[in-house]
Novice: 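One structure, as structure tokens, below. Some questions next.
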Amino acid sequence: RTAPPPQMSTFDAPSRESCVVRRERTNTPLQAFLLLNDPQYLEAAKHLALRTIREGSSTEQARAAHMFRLATLRSPTEEELAVLVGVYRNRRDYYQNNPELANKLVSATPLSAESAIEEVDLAAWTLVANVMLNLDEVISKE
């Protein structure tokens, strides 16, 4: 019997040896750890942040709402919007004091076409997107 790939076993995916009508829905700390730290998920978060910066308005609230709609297919509540903007402001302040860490986070892929985007801003929005992509309603839509 072959085991599923490591990431799939983290999400309790069945092996491909038999048919399964419905996958078991689980949510474990290990899944959250993977979603928040895996390079592929961070890259996806960075691209969601880039898209949000390009397509969203120039205000923090409009960008956070746009990102939320892209990820969840619904508009955020006032409370959700306040949390996202708070995360953005917290991370922006952190990266303004630590620009080398912002560079480290966003330098995995070059910003050739998006050179007008500040690394600090992109790094902050990347972490907001990373949080967003870890929401239960994003991971397992029903």
Side-chain angles (χ1 to χ4, degrees), residues 1-18 20 22-142:
R1 183 170 195 199
T2 60
Q7 287 184 347
M8 295 306 290
S9 63
T10 302
F11 291 95
D12 295 329
S15 71
R16 292 186 253 171
E17 295 174 342
S18 60
V20 177
R22 178 191 263 182
R23 280 185 53 187
E24 184 178 332
R25 185 172 177 207
T26 62
N27 187 358
T28 67
L30 187 56
Q31 292 169 355
F33 182 75
L34 175 74
L35 291 172
L36 289 170
N37 295 294
D38 187 79
Q40 293 172 348
Y41 290 101
L42 283 172
E43 191 68 20
K46 179 182 170 189
H47 286 280
L48 177 58
L50 280 169
R51 182 175 175 187
T52 298
I53 291 169
R54 275 192 239 115
E55 294 176 2
S57 177
S58 60
T59 69
E60 298 165 353
Q61 289 79 9
R63 283 183 177 176
H66 182 69
M67 181 184 287
F68 193 90
R69 279 190 301 275
L70 288 173
T72 64
L73 303 177
R74 69 174 179 85
S75 295
T77 65
E78 290 298 318
E79 183 180 344
E80 290 167 331
L81 192 58
V83 168
L84 294 174
V85 170
V87 170
Y88 167 74
R89 289 177 180 164
N90 178 284
R91 295 294 83 198
R92 184 195 59 211
D93 293 343
Y94 176 79
Y95 285 127
Q96 282 178 337
N97 295 324
N98 300 286
E100 68 283 351
L101 294 177
N103 177 272
K104 190 175 181 181
L105 177 64
V106 300
S107 66
T109 49
L111 292 175
S112 57
E114 295 81 23
S115 58
I117 298 172
E118 293 182 33
E119 284 185 341
V120 168
D121 200 38
L122 178 58
W125 282 115
T126 297
L127 290 187
V128 173
N130 198 25
V131 168
M132 179 88 52
L133 294 175
N134 199 32
L135 293 174
D136 188 49
E137 67 183 293
V138 174
I139 297 168
S140 56
K141 295 183 181 188
E142 291 186 26

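All heavy atoms count here, side chains included; hydrogens, waters and symmetry mates do not. Source: prediction; values computed, not measured.
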Novice: Side chains of M67 and V128: closer than 4.5 Å at any heavy-atom pair?
Specialist: yes
Novice: Looking at CG of L42 and CG of N37, how far apart are the two atoms once the value is rounded to the nearest 0.5 Å?
Specialist: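 Output value for this atom pair is 7.0 Å.
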Novice: Looking at every non-hydrogen atom in both residues, tell me the closest pair between A45 and A129 and how far apart they are.
Specialist: O-CB, 3.3 Å
Novice: Can you tell me how far CD1 of I53 sits from CD1 of I117, rounded to the nearest 0.5 angstrom?
Specialist: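 Result: 5.0 Å between the selected atoms.
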Novice: Which residue, Q96, R92, R91, forms the side-chain contact (heavy atoms from CB on, under 4.5 Å) with Y94?
Specialist: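 The option that passes is R91.
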Novice: I'd like to know if the side chain of N97 reaches the main chain of D93, judged simply by a donor and an acceptor atom lying under 3.5 Å from each other, with no hydrogens or angles considered.
Specialist: yes
Novice: Rounded to the nearest 0.5 Å, what's the gap from OG1 on T126 to OH on Y88? Could you check?
Specialist: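 Taking OG1 in T126 and OH in Y88, the distance rounds to 11.0 Å.
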Novice: Taking atom NE2 of H66 and atom OG1 of T59, what is their separation to the nearest 0.5 Å?
Specialist: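 Answer for the NE2-OG1 pair, H66 versus T59, is 12.0 Å.
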Novice: Looking at E60 and W125, what are the two nearest heavy atoms and their distance?
Specialist: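 Reported closest heavy-atom pair: O-CH2, 3.5 Å.
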Novice: Identify the two heavy atoms, one from T52 and one from R63, that lie closest to each other, and give their separation to 0.1 Å.
Specialist: CG2-O, 3.2 Å
Novice: Have Y95 and N103 got a donor and an acceptor in their side chains that come within less than 3.5 Å?
Specialist: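 Short answer, no.
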Novice: Mind listing the closest non-hydrogen atom pair of Q61 and L81 along with its distance?
Specialist: O-CD1, 3.4 Å
Novice: Could you tell me the separation between the CD atom of E119 and the CG atom of L105, rounded to the nearest 0.5 Å?
Specialist: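 Going from the CD atom of E119 to the CG atom of L105 covers 9.5 Å.
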Novice: Is the closest basic N to carboxylate O distance between R69 and E55 below 4.0 Å?
Specialist: no
Novice: Give the minimum heavy-atom separation between A62 and S57, together with the two atoms involved.
Specialist: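 Reported closest heavy-atom pair: CB-CB, 3.3 Å.
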Novice: Out of curiosity, L70 CG to R51 CZ, how far, rounded to the nearest 0.5 Å?
Specialist: 4.5 Å
Novice: Can you establish whether the number of heavy atoms outside E78 located under 6.0 Å from its atom CD is more than 12?
Specialist: no
Novice: Of all heavy-atom pairs between V138 and T72, which one has the smallest distance, and what is that distance?
Specialist: CG2-CG2, 3.7 Å
